[in-house]
**Student:** 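Here it is: the structure, laid out below.
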Protein chains: 2
Amino acid sequence: MKKENITLKDIAKVAGVSTATASLALAGDPRVNFKTKKLVEEVAQRLQYVPNEIGRSLRAKKAETVALIFPNTPHNAFTHPYFVQLLEGISEVLVQNSFQLLLSTTPSEADEAAAYDKILRNRRADGIILWPASIKDSNIPKIIESGFPVVYLGKWHHDDIVTIQRDDFGGAYEATEQLIRNGRTRIVHLTGPLDYQVSIDRVEGYKQALQDNKILFDPALLVEADFSREMADAAVQKLHEESVRYDAIFAANDRMAIGAMRGLRALGLSVPQDVAVIGCDNIETGELIEPALTSIHQPMREIGRLAAERIVAMLTGQDITDKQTMVSSSLVVRESCGTLKN
Amino acid sequence: MKKENITLKDIAKVAGVSTATASLALAGDPRVNFKTKKLVEEVAQRLQYVPNEIGRSLRAKKAETVALIFPNTPHNAFTHPYFVQLLEGISEVLVQNSFQLLLSTTPSEADEAAAYDKILRNRRADGIILWPASIKDSNIPKIIESGFPVVYLGKWHHDDIVTIQRDDFGGAYEATEQLIRNGRTRIVHLTGPLDYQVSIDRVEGYKQALQDNKILFDPALLVEADFSREMADAAVQKLHEESVRYDAIFAANDRMAIGAMRGLRALGLSVPQDVAVIGCDNIETGELIEPALTSIHQPMREIGRLAAERIVAMLTGQDITDKQTMVSSSLVVRESCGTLKN
DNA sequence: CTGCGTTTTTAAATCGATTTAATTCATAAT
DNA sequence: ATTATGAATTAAATCGATTTAAAAACGCAG
């Protein structure tokens with residue numbers, strides 16, 4: 001039932017020319033006679049010829065494919081609320097440029113290194129879009145510094161690496177300041193794991209905002225969690241048991257913000273009256289819960305688009321003038337942060 | 001900076017054998033002498049040889065790759081809440097079996113046909129996992145009946161096609177019956193676009209449940225929407241303007257259920273007292289809103305896993321005994337449907 | 001030392017396209 | 001009629017691996 005595929009050879013034979021001519025004709029090379037070109041095109045059309053990309057790739061030494069590497073760690077899964085948006089942005093641009101998208105994860109942390117190495121060398125992809133993992137993960141620097149075309153979606157310490165970064169520092173600063181502006185002074189920062197750059201940057205932004213507003217940083221208010229709702233809930237419980245006093249929470253993602261809000265409710269505290277809350281990511285759920293969650297919006301789709309544009313540019317030999325791109329986030333103010341409506 | 005890749009030729013030269021021997025040695029062919037084998041392996045190890053998959057694919061006529069085709073229609077985007085879970089299930093199994101995952105979307109509806117055709121013929125993927133689109137979409141039957149290895153994630157009318165299906169009929173039946181059991185008799189079914197099989201099946205399930213409970217089907221209670229929150233909200237508004245009386249809503253997805261709940265609230269109606277609501281998909285948000293949403297849980301991760309297992313089996317020449325697989329959904333009862341706590 | 005059967009090794013073909021360098025062909029100039 | 005010139009075509013190499021069929025090397029008996 002499965003019909004054999006039509007190859008260039010078939011086209012050449014039917015058109016009565018050599019494969020060389022057929023190839024050149026289809027490529028629109030000016031050397032081939034107009035009539036011959038038309039003939040070959042007609043035959044190709046009629047036989048529904050589709051070039052075998054594998055053959056083409058082998059010869060051209062490129063696969064017209066970009067791999068999205070998303071390190072598979074407990075904190076970094078596809079379930080990340082905005083992973084899908086990133087994917088959409090990337091996909092959109094790649095499709096426009098006739099690149100394919102290979103999705104790469106690793107079976108387990110153990111063979112992570114080998115798996116990445118393979119991607120880099122087996123030539124299935126010409127370039128890589130790389131999502132950050134823990135700063136302790138030694139595979140990340142290995143990939144970035146391999147010389148393979150990479151767009152890194154985070155901060156990197158060499159400015160010859162092409163990166164797309166969010167302004168995590170600025171976002172955290174803005175969120176913290178918003179809480180301060182609303183009269184809060186004892187602001188808990190519920191951070192993600194501190195071996196993630198994003199967490200570190202947000203802590204910095206938080207601290208800077210405190211300092212600029214002459215509020216002393218209290219280490220008791222810096223609580224490390226794991227991005228999960230459950231742990232945020234538990235953290236609020238723990239703060240209560242330790243009788244820590246606070247009037248606001250800035251959580252490093254919306255899941256934790258939501259978890260914290262549930263914890264607060266369980267303690268009989270109301271949001272935003274007793275405790276104001278701000279999250280990060282601006283996931284859809286935040287808009288639908290009560291009170292609606294104030295959050296830092298991350299333009300993930302835009303980041304995906306930019307990353308794809310950059311890698312395509314690199315692979316098509318264009319010059320990248322500004323290798324580092326910073327996209328700014330914005331605060332979406334809703335009820336949970338206690339801002340008065342004007 | 002970018003070092004040239006090590007090829008089999010390099011290994012052969014360093015080991016002082018022919019490429020044939022090198023290849024055979026690495027493949028563990030018993031014809032090659034044990035000492036030679038060890039030598040070649042040592043050299044490959046030392047030079048960090050990784051076979052070029054493109055070359056291998058060309059010769060083997062297979063790419064060790066599966067494409068996930070997700071038709072890009074307004075109702076069918078990556079943003080589909082459980083797309084990510086599907087992806088996780090697929091990815092997990094493919095990685096285990098050393099298959100790569102190619103993500104395919106189409107630039108626009110216009111060149112959809114050409115794009116699919118290309119995937120089928122350019123040999124970048126050996127098999128396809130296909131997500132349903134509108135029943136009017138002529139590309140779907142084209143792909144399914146091409147003879148190319150396909151696992152279709154829906155119902156198909158020939159039983160020689162490998163499918164993984166959800167029990168949409170059963171799910172709708174169960175949801176409707178739950179509402180009836182809770183004393184509701186005028187149940188609105190907020191359906192998705194009726195050119196989708198899933199919508200048709202759910203309408204059937206809904207009708208059957210009504211009939212089995214001796215409730216007459218009222219066409220005025222069947223409202224077609226587009227899966228969006230906004231349109232569900234508007235639909236509730238419209239029902240009100242038309243003075244349609246009802247005491248329950250069964251929505252074809254959670255987004256619409258949530259939109260409907262917002263619409264009801266705007267009209268001053270309370271859920272579940274005035275109107276009981278059940279959705280489909282069991283998205284995370286449903287658990288977090290108030291009242292918490294009763295919903296039909298879809299085991300998307302499981303579906304992804306099964307689909308990947310099937311396609312891998314097909315591509316590795318295994319026999320598929322049961323070509324059609326039905327996974328059952330389950331009702332997750334929360335507050336919105338008005339079930340009394342026991 | 002020859003001949004025969006085994007083990008090992010390797011030359012060469014293959015997969016499907018692209019591209020270079022060489023060749024053929026037609027036309028115009030001498 | 002011959003040659004130079006340019007246009008059009010094609011043979012052959014190439015990309016990197018696998019695999020078949022043939023050759024080489026080896027061991028051992030006669």
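Chain identifiers are assigned alphabetically (A, B, ...) following the order of the sequence lines, protein sequences preceding nucleic acid strands; residue numbering begins at 1 within each chain.
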**Student:** Check the phosphate of D:dA8 against A:Lys35, side-chain N and O only, distance under 4.0 Å to OP1 or OP2. Yes or no?
**Tutor:**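 So the side-chain polar atoms of A:Lys35 never come under 4.0 Å of the phosphate oxygens OP1 or OP2 of D:dA8.
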**Student:** For A:Pro30 and B:Leu58, find the nucleotide of DNA chain D closest to each by heavy atoms; which residue's nucleotide sits nearer the 5' end?
**Tutor:** A:Pro30
**Student:** Closest-nucleotide mapping onto DNA chain D: is B:Thr7 or A:Phe34 further toward the 5' terminus? I mean the 5' end.
**Tutor:** A:Phe34
**Student:** May I ask you to decide if A:Thr7's main-chain N or O and A:Asp10's side chain share a donor-acceptor pair within less than 3.5 Å?
**Tutor:**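 Flag set: sc A:Asp10 to bb A:Thr7 pair under 3.5 Å.
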**Student:** Considering just the side-chain nitrogens and oxygens of B:Tyr49, establish if one lies under 4.0 Å of OP1 or OP2 belonging to D:dA17.
**Tutor:** yes
**Student:** Indicate whether OP1 or OP2 belonging to D:dA17 is found under 4.0 Å from a side-chain N or O atom of B:Asn52.
**Tutor:** no
**Student:** Would you say D:dT9 has OP1 or OP2 under 4.0 Å from some side-chain N or O of A:Thr36?
**Tutor:** yes
**Student:** How many Å lie between NZ on A:Lys9 and P on D:dA12, as a whole number?
**Tutor:** 14 Å
**Student:** In terms of ring plane angle, is the pair A:Phe70 and A:Trp131 parallel, tilted or perpendicular, where the classes change at 30° and 60°?
**Tutor:** parallel
**Student:** OP1, OP2 of D:dT18 versus side-chain N and O of B:Lys61: anything below 4.0 Å?
**Tutor:**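 B:Lys61 to D:dT18 OP1/OP2: no side-chain N or O under 4.0 Å.
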**Student:** With a 4.0 Å cutoff (strictly under), does any side-chain N or O of A:Thr21 reach OP1 or OP2 of D:dT10?
**Tutor:** yes
**Student:** Report, as a single string ordered 5' to 3', how protein heavy atoms within less than 4.0 Å touch nucleotides 20-28 of chain C: B base, S sugar-phosphate only, - not at all.
**Tutor:** BB-------
**Student:** Could you verify whether a donor N or O on one side chain and an acceptor N or O on the other, from B:Arg310 and B:Thr325, lie under 3.5 Å apart?
**Tutor:** yes
